[in-house]
Amino acid sequence: MEMAKTYEPSVFEKDLYHWWEKEGFFTPSVDSKKEPFTIVIPPPNITGQLHMGHALDESIQDCIIRFKRMQGYSALWLPGTDHASIATEVKIVEQLAKEGIDKYQLGREKFLERAWAWKAQYGGRIVEQLKCLGSSCDWSREAFTMDERCSKAVKHVFVKLYNEGLIYQGDRIINWCPECQTALSDAEVDYQEQASHFWHFKYFTPDGKTEVVFATTRPETMLGDTAIAVNPDDERYKNLVGKTVVVPFVNREIPVIADSYVEKDFGTGVVKITPAHDPNDFEVGLRHNLPVIRVMNDDGTMNKLAGKDYEGLDRYAARKKIVAEMEKIGQLVKIEDYSHNVGECYRCHTTVEPIVSKQWFVKMKPLAERAIQVVKDGEVNFVPKRFEKIYFNWMENIKDWCISRQLWWGHRIPVWYCQDCGEVICQEDTPHECPKCNSKKLKQDDDVLDTWFSSALWPFSTLGYPEETPDFKYFFPTNVLVTGYDIIFFWVARMIFSSLHHTGKIPFKEVLIHGIVRDAQGRKMSKSLGNGIDPLEFIDKYGADTLRFSLLNGVSSGGDIRFSADKVEGNRNFMNKIWNASRFVLMNSEGKQLVDISKCKLSVADKWILDKLNCVIKEVTANLENYELGVAANKLYDFVWSEFCDWYIEFSKPVLYGTDEEARTVTVSVLNYCLDKILKLLHPFVPFITESIYQNMPNHERTIMLAQYPVFDKKSIYKDDAETLDLIKEIIKSVRNARAEYGVAPSKRLHLYIRPAAKQKQIEQSSIYIEKLAGAEEITFVGKDVSFEKVVSLVSAGGEVFIPMGELVDKQKEIARLEKEAADVKSEIARAEGKLGNKGFVEKAPAKLIEQEKEKLAKYKEMLAKLNGRMEELKNL
RNA sequence: GGGCAAUUAACUCAGCUGGGAGAGUGUCUUCUUGACGUGGAGAAAGUCAGCGGUUCGAGUCCGUUAUUGCCCACCA
């Protein structure tokens, strides 16, 4: 098949993907003869559209899984999606609002119908988008957090924890989102600095004789105050403790208490205590047995307990009114400007309200212990390691996890209440009657679970847990989890403790953390900034391979990456380079019978490229095994472009365009050999272009996807000849350099006189390379005793080259040039001599290093002697 | 308040366990040789943030300062 002249990815990417999928290449089998390698995808939300963050995450995973597959593992990349309870519900509520429908009017059942319909319509969208990237996921095992299998695991785990006493229900301070009208976990609250005020108020003792001044940032909560607190050691207020003060408007008499929570030096040293609306106050309230008076409704308005002047007012309106009224009655002391952090809902960005509420919690302390231990023991490794600290910090200070949500879309809590006797029934299947009183009047808990509750089970629920399925037994624990640092708490930590507790095993051996994709200026890509790049549009324009390579080339674990147009162009050009180099090889292979290169006489250049190839195989394999994808991509880029294309292909041309048939066959064979390895090395990074070209190769296997990844040959048998060619390269480079410096047209053929520094015989045999690549019409190898007059003389590590240039040579200019070169060499000599003259170095440095340094010194001294000699000759002319 | 990272060429970043400063982009010169002008060849360009220490030797290890970014905590 003829290859097109330019690289046009849109022509083949889609077809190849369909073919791979249809052939079942993505689907591994449970095969006891093979070792498994498993990755579970961080399930994208069904509300999601593919963005650059996904593209990065998926590219990394696909690169790893393709590498492992080619290494012969039974490699499973298990895909799926997340129902994303709150995020999806928010979307559907919005959609309903556009139709003028209220969620509560619609009712739970109808609402869920809408949600499922929504899932059916949009849930598959992101999956299709993943395919555009080339993700080699096993779609036959695709999961969804609310499918039957995952739901079963969720119920099983809930009941298990409940029976173990690790899930409990209680009235606690939780973060409440008045917009979404649900509780949130601590992790779901984002803090933003906001400019606000610090209101100083005063309360009086009932007799009106004594006042106490305090400051607050939330005046409206004073209606729920049940105490005033001071520090026990605060002399200023000692005589106040035990007295009472009156909360205006509600006319409640509340005690002044002493608690060490209060800091003497902050504000006035007096704190109003509102147990129902502040986590710290709640704790103080418990210690002092204070009443808990909740003055707010779920929607953020004030309730009856706030008094009839405030009932029904929005919290901010109430705040305004309180301040005004306090001023009126002379109890407003002053207002300071104050900037502080305010928590907001991570989904709708409404300011959350700490509120006392009855919720379900997971007891974290017992679960956290082992989760910390496995990371400490290195059973689970974070890459890079520094993220372990973040993990420990969180795990060690963890509070109980609020898991109930007042939402409808999600896993409904498997708890039923008997309407007659009040029995609480927690079980996996829906009960038909109360086990205690046989009543049939049972009502299921209205709440659903935190979306992260099901995500926490993902690595094992998707593989069949709690059943001991063949997949679960074979593919679990998984090998590596790839994700961004932004969800370590939400997800990674919870998977670790969940897996340990429920399966008794770690969920994965390694956690590969990456950063986020930023724009060219280093800004986060966001909708509001409008600086996001749509990966799909991008793929249309440049192809998936360019996108993948742009994300992978230069990615370092844990770091953010910048995505700039420049970089992209460069990588697209690289694809084009691969394409055209391949075209060159294939065009020259037409009609040729390839030979086994291990059995024929190879040229110096052949051996050189094979040696370099062998080195790059070793390094890239090691990098990939250590998940250093960015480094590996970079090395391949360099090898393919600089060594294979710029040098080897050029070396091959004199042979290919020559007349020696046998040599041509060998060179074509080496070209094919290298290209085959190059495509395989690159395949995990850029699957489409490599497969597309591979299918045009002579003697190719069915698919490159399942071909063996190149293996390093320890023998390195071509080292010596490779060194010869390095000398030749030096000679060529020095001639090219001189041509540019003297402005000699490339078309001008030169007569070169060469005195190689070493390996003269081998270099003479390979003079054809110098001839072609340095533009020589004739080459004469000379010995030591020859001297020249009107020449430019070049001294390099490869040896000396003399170029007669007739009148072109300006004597003074040439001397000046040689001076400059001599200066460089002299500084090298000075460096080496300094080192070798240093007693400490000679005594303590490794012998090998000293030897190398001596060799360098000798080499430079020789070069300097040549340069000096040449300058003498010129001066005497 | 606590923690983490970054600081290397004009720009974006590599530089693994200490042993002669690298790449890409951009800039400048130059080249229509039969893979590729999305290309080839060549060049200029860096007190490796500052200071101190360890070492025969520090971009690399330690301490410290500065600047920037991020995370956690949330004293009302």
Side-chain angles (χ1 to χ4, degrees), chain A residues 3 5-7 191 198 214-218 221 229 261-263 265-274 278-281 284 340-343 384 386-387 389-390 393-394 397 485-486 488-489 515-516 520 522 553-554 556 558-567 569-588 619 622-623 626 628 630-631 634-635 637-638 641-642 645-646 649-650 653 656-657 732-733 736-741 743 745-747 772-773 775 827-828 831-832 834-835 838-846 848-850 852-853 856:
Chain A
M3 281 178 69
K5 192 171 174 182
T6 47
Y7 163 64
Y191 287 90
F198 213 18
F214 60 89
T216 178
T217 54
R218 293 191 299 153
T221 62
Y261 151 72
V262 182
E263 299 215 2
D265 303 331
F266 190 82
T268 61
V270 182
V271 185
K272 69 190 234 356
I273 301 296
T274 323
D278 183 277
N280 292 308
D281 293 6
V284 174
H340 66 145
N341 279 333
V342 176
R386 67 184 135 93
F387 287 101
K389 261 195 188 165
I390 299 178
N393 182 40
W394 193 72
N397 299 302
Y485 53 64
D486 48 338
I488 292 178
F489 305 135
I516 57 173
N553 187 13
S556 60
D560 292 344
I561 83 161
R562 279 192 202 207
F563 199 84
S564 69
D566 283 355
K567 212 177 190 171
E569 296 260 323
N571 289 317
R572 190 271 318 265
N573 294 353
F574 179 53
M575 295 305 121
N576 191 59
K577 193 75 180 174
I578 296 168
W579 187 262
N580 278 291
S582 305
R583 220 162 58 88
F584 173 83
V585 173
L586 295 176
M587 273 164 32
N588 282 289
E619 291 179 19
N623 289 141
N626 294 322
E628 297 161 345
V631 181
N634 210 268
K635 279 178 185 159
Y637 181 99
D638 208 53
W641 202 314
S642 313
C645 294
D646 288 347
I649 284 186
E650 294 309 318
K653 284 177 184 174
L656 295 178
Y657 302 147
I732 293 168
K733 283 200 270 185
R736 283 174 175 173
N737 181 305
R739 290 187 94 113
E741 206 158 321
S747 53
K772 297 291 179 191
L773 274 64
S827 79
E828 290 298 332
R831 191 192 52 76
K835 240 177 177 179
N838 184 330
K839 240 184 175 175
F841 179 75
V842 181
E843 278 164 17
K844 295 185 182 172
K848 198 177 158 195
L849 208 69
I850 297 172
Q852 277 173 14
E853 211 56 49
K856 280 183 212 162

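Values reported hereafter were calculated over all heavy atoms of this structure, with side chains retained and with hydrogens, waters and symmetry mates removed. Every chain is numbered from 1 and lettered A, B, ... according to where its sequence line falls, protein lines coming before strand lines.
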Do A:Asn634 and A:Asp638 pass the side-chain hydrogen bond (donor to acceptor under 3.5 Å, both in side chains) test, and can you show the C-alpha distance, the side-chain angles, and the key distance before you say yes or no? CA-CA 6 Å; A:Asn634 210 268; A:Asp638 208 53; over 6 Å; no
Between the protein and nucleotides 1-5 of chain B, are there any N/O to N/O pairs under 3.5 Å, and if so, what are the atom names and distances?
from : atom 1 : to       : atom 2 : distance (Å)
B:C4 : OP1    : A:Lys389 : NZ     : 2.9

Protein-nucleic acid N or O pairs under 3.5 Å, nucleotides 24-30 of chain B:
from  : atom 1 : to       : atom 2 : distance (Å)
B:U25 : O2'    : A:Asp566 : OD2    : 3.1

Give every pair of a protein N or O atom and an N or O atom of nucleotides 57-62 of chain B that lie under 3.5 Å apart, one pair per line with the distance.
none

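Here A:Arg736 lies in heavy-atom contact (under 4.0 Å) with sugar-phosphate atoms only. A:Lys839 comes within 4.0 angstrom of no nucleic acid atom, judged by non-hydrogen atoms across all strands.
In RNA chain B, runs of at least 3 stacked Watson-Crick or G-U pairs (N1-N3 plus N6-O4 or O6-N4, or N1-O2 plus O6-N3, all under 3.5 Å) give these stems: B:1-7 with B:66-72, B:10-13 with B:22-25, B:27-31 with B:39-43, B:49-53 with B:61-65.
For A:Arg831, the side chain to side chain donor-acceptor pair (under 3.5 Å) partners are A:Glu828, A:Glu853, not counting sequence neighbours. Evaluation of the side chain to side chain donor-acceptor pair (under 3.5 Å) rule for A:Arg739 yields no partner, not counting sequence neighbours.
Contact annotation: A:Asn737 side-chain N/O to B:A43 OP1/OP2 distance is under 4.0 Å.
Annotation: B:U38 and B:C72 have their C1' atoms spaced 46 Å apart (nearest Å).
The base of B:U12 lies outside donor-acceptor range of the side chain of A:Arg562, with no N or O pair under 3.5 Å.
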